[in-house]
Every structure is written in structure tokens, then in C-alpha cells.
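Heads up: the structure comes next, in C-alpha cells.
None of these values were measured; they are calculated from a predicted model. Each residue takes its place number in the sequence, starting with 1.
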Amino acid sequence: VAVRDLESYAPHISAAFGKYAIPVFLDRKDAISGKTPVIAVCAALDACLNGFRCDDVIRLSKTGLAGADFEEAARLENYALTWNINGQAWEKDFSGHPDGFGAVPDEDSRALLARLNGIRSRLISPLKKLRESAKCAGATRLCEAVFEYLRDAGVPETLKKRAGEL
């Protein structure tokens with residue numbers, strides 16, 4: 001069925017086809033800028049261009065494609081906001097207590113801090129390489145650098161895993 005204004009007809013088409021158990025696919029146009037891989041590439045480039053600004057690094061981590069799952073991204077964001085992690089601070093091991101100023105270190109907080117440093121390293125190491133590769137790069141070299149970044153960050157494997165879960 002072809003219609004001029006899908007949004008007007010979509011509920012009626014879905015209901016009619018559903019009533020008679022006929023499978024239906026409604027093709028809607030989605031902006032590519034809202035797709036997770038595109039968000040990840042843009043966030044990675046923004047992070048490199050803006051000197052590892054906290055918002056860019058966190059946006060990248062939240063995609064789930066840069067070495068951190070969603071829970072890890074949330075923990076990383078909490079730590080970064082608590083300790084105002086920005087710029088070069090992303091390139092150094094975290095040392096502050098995960099619960100903030102005045103919290104007494106214990107075994108659990110040390111384990112969480114080590115985990116956060118692992119997440120930070122998985123996220124920042126490929127970004128540092130991208131930043132260096134992209135410096136003064138022409139279009140061809142920049143595309144190669146982005147491709148290498150995606151490979152280094154494990155994006156193809158993550159996407160393959162997600163596709164297998166569908």
C-alpha cells in the first residue's frame with residue numbers, strides 16, 4: 001500500500017492489517033543524526049576537537065559503542081560530575097573517592113575506583129589515538145582515522161553482538 005501522508009494513515013493501516021493478521025511494514029523516514037553509530041562518531045570527533053570536554057566524552061560513553069555499557073556510562077558520568085572531570089583530567093587515573101569529598105575509602109570504593117579507571121582507559125585510549133591521527137589531517141586521512149577509531153573502540157564487534165540479540 002502506498003500513501004502520500006503515512007502519518008495520517010499509519011494507525012488505520014496497522015489496525016486493518018492487524019485485524020486480518022496480515023504482516024505490515026510501515027517505512028518511516030528517520031534522521032540519520034539520531035542513529036547511535038552516528039552519535040558515537042560525532043561525539044568522538046567533538047571530544048577530540050573540544051579537548052575532551054566532559055559533555056562530549058559522556059555523550060560518547062552513553063552510546064554503548066565506545067567501551068562502556070549503559071551502567072558503566074552512568075557510573076562514569078556520576079564520577080565525572082562529582083569530581084568535575086574535564087580536558088586532560090580524562091587522560092589521568094582517577095584518584096578521588098567515588099562518593100565525593102569527605103567520603104572514607106574502603107575496599108568497595110577502591111574496587112569501584114579501579115573499575116572506573118578501567119572504563120576511562122577503554123574510552124580514552126582510542127580517543128587519544130584519534131585525536132593524534134586527526135591533527136592536520138586531510139579528508140582522506142580523517143576518514144581513515146575515524147575508521148581506525150571505530151575498529152580500536154570495538155564498534156564492529158559491539159554492533160554484531162547487538163544484532164545477534166535482536
### Message
Is the shortest side-chain heavy-atom distance between Cys54 and Trp90 below 4.5 Å?
### Response
yes
### Message
Within the 4.5 Å heavy-atom criterion, are Glu148 and Leu130 side-chain neighbours or not?
### Response
no
### Task
First locate atom OG of Ser8, then atom CD1 of Ile13, and finally report the distance between them rounded to the nearest 0.5 Å.
10.0 Å
### Query
CD of Glu157: more than 12 outside heavy atoms within 6.0 angstrom?
yes
### Distance, nearest 0.5 Å, that separates CG of Leu60 from CG of Leu127
5.5 Å
Per-pair distances, 0.1 Å, donor-acceptor, side chain in residues 33-50, under 3.5 Å, sequence neighbours excluded:
residue, atom, partner, partner atom, Å
Lys35, NZ, Asp30, OD2, 3.4
Asp46, OD2, Arg59, NH2, 2.5
Asn50, ND2, Asp46, O, 3.2
Asn50, ND2, Asp56, OD2, 2.9

### Summary
The reported gap from CZ in Arg122 to CG in Leu76 (rounded to nearest 0.5 angstrom) is 9.5 Å
### Message
Once rounded to the nearest 0.5 Å, what's the spacing between atom CG of Leu123 and atom CZ of Phe52?
### Response
9.0 Å
### Message
Let me check something: do Tyr20 and Tyr9 share a hydrophobic cluster, defined by ILVMFWY side-chain heavy atoms less than 4.5 Å apart, either directly or through other members?
### Response
yes
### Query
Hey, any chance Ile22 and Leu6 share a hydrophobic cluster, counting ILVMFWY side chains that come within less than 4.5 Å of each other, even indirectly?
yes
### Message
Is there a path of hydrophobic side-chain contacts, each under 4.5 Å between heavy atoms of I/L/V/M/F/W/Y residues, joining Phe17 to Leu26?
### Response
yes
### Task
Mark yes or no for whether Ser61, through its side chain, and Ile58, through its backbone, hold a donor-acceptor pair below 3.5 Å.
yes
#### Entry: Pairing residues for Asp93 by the salt bridge (Lys or Arg N to Asp or Glu O under 4.0 Å) criterion, not counting sequence neighbours
Arg120
### Leu113 reachable from Phe101 in the ILVMFWY side-chain graph, under 4.5 Å edges
yes
### Task
Can you measure from OH (Tyr149) to OG (Ser125) and round to the nearest 0.5 angstrom?
10.5 Å
### Query
If only atom types and distance count, is the side chain of Ser121 paired as donor or acceptor with the main-chain N or O of Asn117 below 3.5 Å?
no
### Contact summary for Pro105 and Arg110, nearest pair of heavy atoms
CB-NH1, 3.6 Å
### Task
Kindly say whether Val104 contributes a backbone atom to a donor-acceptor pair with the side chain of His97 at under 3.5 angstrom?
yes
### Query
With a 4.5 Å heavy-atom cut-off, do Phe94 and Ile85 have their side chains touching?
yes
### Summary
Between Ala134 and Ala145, the two heavy atoms sitting closest are N-CB, 4.5 Å
### Message
Could you check whether atom CD1 of Ile32 has more than 12 heavy atoms from other residues, nucleotides or ligands sitting under 6.0 Å from it?
### Response
no
### Query
Does Asp108 reach the side chain of Leu112, with side-chain heavy atoms less than 4.5 Å apart?
no
### Query
Has the side chain of Tyr79 got a donor or acceptor atom that lies under 3.5 Å from a matching backbone atom of Asn84?
no
#### Entry: Glu132 side chain to Lys129 backbone, donor-acceptor under 3.5 Å
no
### Query
Quick one: NZ on Lys161 to CG on Leu159, what's the gap to the nearest 0.5 Å?
11.5 Å
### Query
Would you say the side-chain atoms of Thr82 pair up with the backbone N or O of Asn78, donor to acceptor, closer than 3.5 Å?
yes
### Message
Donor-acceptor check, side chain of Asp152 to backbone of Pro126, threshold 3.5 angstrom: yes or no?
### Response
no
